[in-house]
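Report on the following structure.
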Amino acid sequence: MTAINEVTDLVVEGDIAVLTLNSPPVNALSAKVRDGIFNGIEQAVGDDAVKAVVLICDGRTFIAGADITEFGGAQTGASLFEAQAMIEGSSKPVVAAIHGTALGGGLEVALTCHYRIGVPSAKCGLPEVNLGLLPGAGGTQRLPRIVGVEKALEFMTSGTHVPANACLEIGLLDEMAAEGNLRSDAIAFAQKLVAEGRPLNKVRDLNDKVEAARGKPEIFANFRKSIARKTRGFKAPEAIIQCVEAAVDESFDDGIKVEQALFRDLVTGDQSAAQRHVFFAERQCWKIPDVPKDTATIPVEKVGIIGAGTMGGGIAMNFASAGYPVTIVETKQDALDRGLGVVRANYERSAKRGRFTMEEAEARIARITGTLSLEDLADCDLVIEAVFENMKIKKEIFGNLDRIVKQGAILASNTSALNIDEIATATTRPEAVIGLHFFSPANVMRLLEVVRADHTSKDVINTSMQIAKKIGKIAALVGVCPGFVGNRILGRRQAMAQRLMFEGTMPWDVDRVLFGFGFPMGPFAMSDLAGLDIGWNKEASKGETIRDVLCEMDRRGQKTGAGYYDYDENRNANPSPVTEKIINEFVDKSGINKRSYTDEEILQRCLFPMINEGAKLLEEGMAIRSSDIDIVWINGYGWPAYRGGPMFYGDLVGLDKVLAGMKELEAELGAEFKPAALLEKLVAEGKKFSDVPPKG
Ligand code: 3H9
């Protein structure tokens, strides 16, 4: 065996050379890996005894892509293109042997090999789009040459990881190896290629499938239309489409030039920087400095939910879908029946849409048992209370749970704002009490705020984080404060949106600016969707606020056909002259100076107080790190991933600019807008939020 470098070995077995990469954790294409491929292939090809080469990886996966941590730095060693050219230009067949995931640049390397073999559990994908990138090592030109234009577009703009059997079907894999037997099956396959004198297949030379799409612009027009809604604001999907158009219309080499130019634009742009930040943030948020990985966990086999309303039912679905038996408690039979009915309907709808089979839907439904007795939760390992927000009732429930539920169980509240420490005082075991704040609809939204109270034990925290992962959530550990991280920041934006309205900016102008920034909808459209009458009391209403007046006129949001907006029969929102008149009357009466703002000013006025609130949360230790706040806002509140979250955005626009904006607001509107001490400190030190070390 020859060591090519620290991460690459070459061994010749009979007449087959096996080039093995071993660069944990995921064999990403760092300079050493690229060098290893380049030099290893060169050496194998130069060896007269070698007739074919197998490229394989040690560890948990085949090459998972370019090394993302290297982006932005100066490149050393062989370039990826040089390594790929060495493989593709080899005079002896090179076989990629794939296990784990061949992703991004990893799959692009495999596509320069002459043949590909994989184990059944392997997956292939070009997920660059999720990093705000396009496959920039020939993937946009080679993939359509194998799978055809439509499939390639779908594959690359979705970033899906495609299972091995499907890869075999579409021609991405040539051969399936037996699970656990990849190395010897790959060698045997290489021997067979040599024995049969099979040609050196070069994907770049396959032109049939791209030529078939030539002169058919409707393929691209239709595809653009089909993904427009889902990809609004993202630059990478459109760049991918343009590369595939080039694959169809131009030669391979010219197509590569288009790919390289568009890749360069993306990799140096803000969107990819934001999405790469999100990639790492999603991995950081599980790491809790004072709760190490080896902290004990509490075995959770049975889950109890209190409340079969929208939240309780959604939470129950998370667990049932992940295989947990769930007992759901209500106080009245009709409420229980209604809640279970909604769960059934949701599952059946998903099955009808093809997400899973009807049998699977029935299996999930069967895992949920309804009851009217809290006593039935006695043997649960985790109980989540999801009743309405009333401290007295929650404390009563936790007092009862303390009496009923077995010792060692986790007692969680789904409160979105109430003090978990106070809830915990209703029990004799505050160490077992934690907040698990799901977001509505709980069976769909990815975010879970795990709320650590003063006495919550580390075992309970560790178990809660792991459970979150098992039910497919992304979790951020936050501290106890009104609204926790997400809603506290939301409060700042809502307050500013209201303020803007009181100064005469129309709701649709605020919404337009925030929609343009990338939010799925603005705050007023959101209120109309949720219903303006949430928390509104008809009897007590005296027309004192704009909302009061709207509700009194039965303009209670989308459900009544009017709210801030007027809605047509298809629920399309239109600016409302009625609302405009009400607002103008309020502004005139209030004595507040009517002002008009540019879009940029509206944006800053809404976003800077959110960033400032994030800074306060960070300095108070309510979030471990700034990127956790980004995770909360991207996954719970629709902050566009391509803008990296509020804290990343603050760093990007410049904290000095945010500070100056806050000082202006403070001078104008008072202490409520005082800049966070942390913001002042970071600006003084010339630092960013991302420089603040994790808390704990
Ligand atoms: C690309 O290829 C561009 C090319 O087209 C063109 C170039 C010219 N680089 O996710 P995990 C780290 S773009 C650096 O927890 P899993 C990760 O941060 C790339 N580091 O494990 C984590 O570190 P830590 C296209 C990476 O088993 C550790 O590895 N490829 C990279 O749940 C374990 O990761 C992709 O987008 C990387 N490429 O999942 C694939 N990947 O332990 C990105 C991972 O310190 N990767 N790390 O927190 C993945 O999707 C998953 O990591 C994978 C494993 C499925 C592979």
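If you're wondering where the values come from, they're calculated on a predicted model, not measured in any experiment. All residue numbers in this chain count up from 1 along the given sequence. Note that ligands are numbered from 1 as they come in the structure, with each ligand's atoms numbered from 1 the same way.
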For ligand 1, which is the ligand I care about here, please tell me if [X] has any N or O atom under 3.5 Å from one of the ligand's N or O atoms.
{"X": "Glu128", "answer": "yes"}
{"X": "Ala66", "answer": "yes"}
{"X": "Pro135", "answer": "no"}
{"X": "Gly105", "answer": "yes"}
{"X": "Pro127", "answer": "no"}
{"X": "Glu108", "answer": "yes"}

So that I can tick it off, tell me whether [Y] and [X] are bridged by a salt bridge, with the cut-off set at under 4.0 angstrom between side-chain N and carboxylate O.
{"X": "Glu88", "Y": "Arg142", "result": "yes"}
{"X": "Arg204", "Y": "Asp253", "result": "yes"}
{"X": "Lys695", "Y": "Glu619", "result": "no"}
{"X": "Arg446", "Y": "Glu282", "result": "yes"}
{"X": "Lys32", "Y": "Asp67", "result": "no"}
{"X": "Asp628", "Y": "Arg625", "result": "yes"}

State the atoms of ligand 1, each with its element, that fall below the 4.0 Å cut-off from a heavy-atom position in [X].
{"X": "Gly104", "answer": "2 (O), 25 (C)"}
{"X": "Thr101", "answer": "56 (C)"}
{"X": "Phe279", "answer": "18 (O), 41 (N), 43 (C), 44 (C), 46 (N)"}
{"X": "Gly65", "answer": "2 (O), 30 (N)"}
{"X": "Phe280", "answer": "18 (O)"}

Using the six-membered ring wherever Trp is involved, compare the ring planes of Tyr637 and Trp633 and label them parallel, tilted or perpendicular (cut-offs 30° and 60°).
->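 Parallel.
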Cation-pi check for [Y] against [X]: NZ or CZ below 6.0 Å from the six-membered ring centre and within 45 degrees of the axis, yes or no?
{"X": "Arg116", "Y": "Phe189", "result": "no"}
{"X": "Arg643", "Y": "Phe517", "result": "yes"}
{"X": "Arg232", "Y": "Phe234", "result": "no"}

Aromatic ring proximity Tyr649/Tyr642, centre distance under 6.0 Å =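 Tyr649 vs Tyr642: aromatic centres not under 6.0 Å.
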Please find out if less than 6.0 Å separates the ring center of Phe648 from that of His277.
->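 Close enough - the centres of the two rings lie under 6.0 Å apart.
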Looking only at protein heavy atoms, which one is nearest to [atom], and what is the separation?
{"atom": "atom 31 (C) of ligand 1", "answer": "Val26 CG2, 3.7 Å"}
{"atom": "atom 30 (N) of ligand 1", "answer": "Ala64 O, 2.9 Å"}
{"atom": "atom 50 (O) of ligand 1", "answer": "Leu103 CD1, 3.9 Å"}
{"atom": "atom 39 (O) of ligand 1", "answer": "Arg60 NH2, 4.8 Å"}
{"atom": "atom 17 (C) of ligand 1", "answer": "Arg283 CD, 3.8 Å"}
{"atom": "atom 42 (O) of ligand 1", "answer": "Lys287 NZ, 4.1 Å"}
{"atom": "atom 14 (C) of ligand 1", "answer": "Asp67 OD1, 3.3 Å"}
{"atom": "atom 9 (N) of ligand 1", "answer": "Ile68 N, 2.9 Å"}

Residues Arg214, Glu245; criterion salt bridge (Lys or Arg N to Asp or Glu O under 4.0 Å); working and verdict | CA-CA 9 Å; Arg214 201 165 286 166; Glu245 282 176 325; over 6 Å; no
Heavy-atom protein contact below 4.0 Å for [atom]:
{"atom": "atom 24 (P) of ligand 1", "result": "yes"}
{"atom": "atom 1 (C) of ligand 1", "result": "yes"}
{"atom": "atom 11 (P) of ligand 1", "result": "yes"}

side-chain contact (heavy atoms from CB on, under 4.5 Å) assessment of Glu449 paired with Val485 = CA-CA 8 Å; Glu449 275 183 329; Val485 164; 3.5 Å; yes
What part of Leu131, side chain from CB on, backbone N/CA/C/O, both or neither, has a heavy atom under 4.0 Å from ligand 1?
->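 It is the side chain that touches ligand 1; the backbone stays farther off.
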Heavy-atom contacts under 4.0 Å between Pro25 and ligand 1: side chain, backbone, both, or neither?
->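 Pro25 to ligand 1: side-chain contact only, backbone stays beyond 4.0 Å.
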State whether a side-chain donor-acceptor pair under 3.5 Å links Thr297 with Thr463.
->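 There is no such pair (donor and acceptor under 3.5 Å, judged by atom type) between the side chains of Thr297 and Thr463.
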Examine ligand 1 and decide if any of its atoms is less than 4.0 Å from a heavy atom belonging to Phe81.
->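 It does not; every heavy atom stays at 4.0 Å or beyond.
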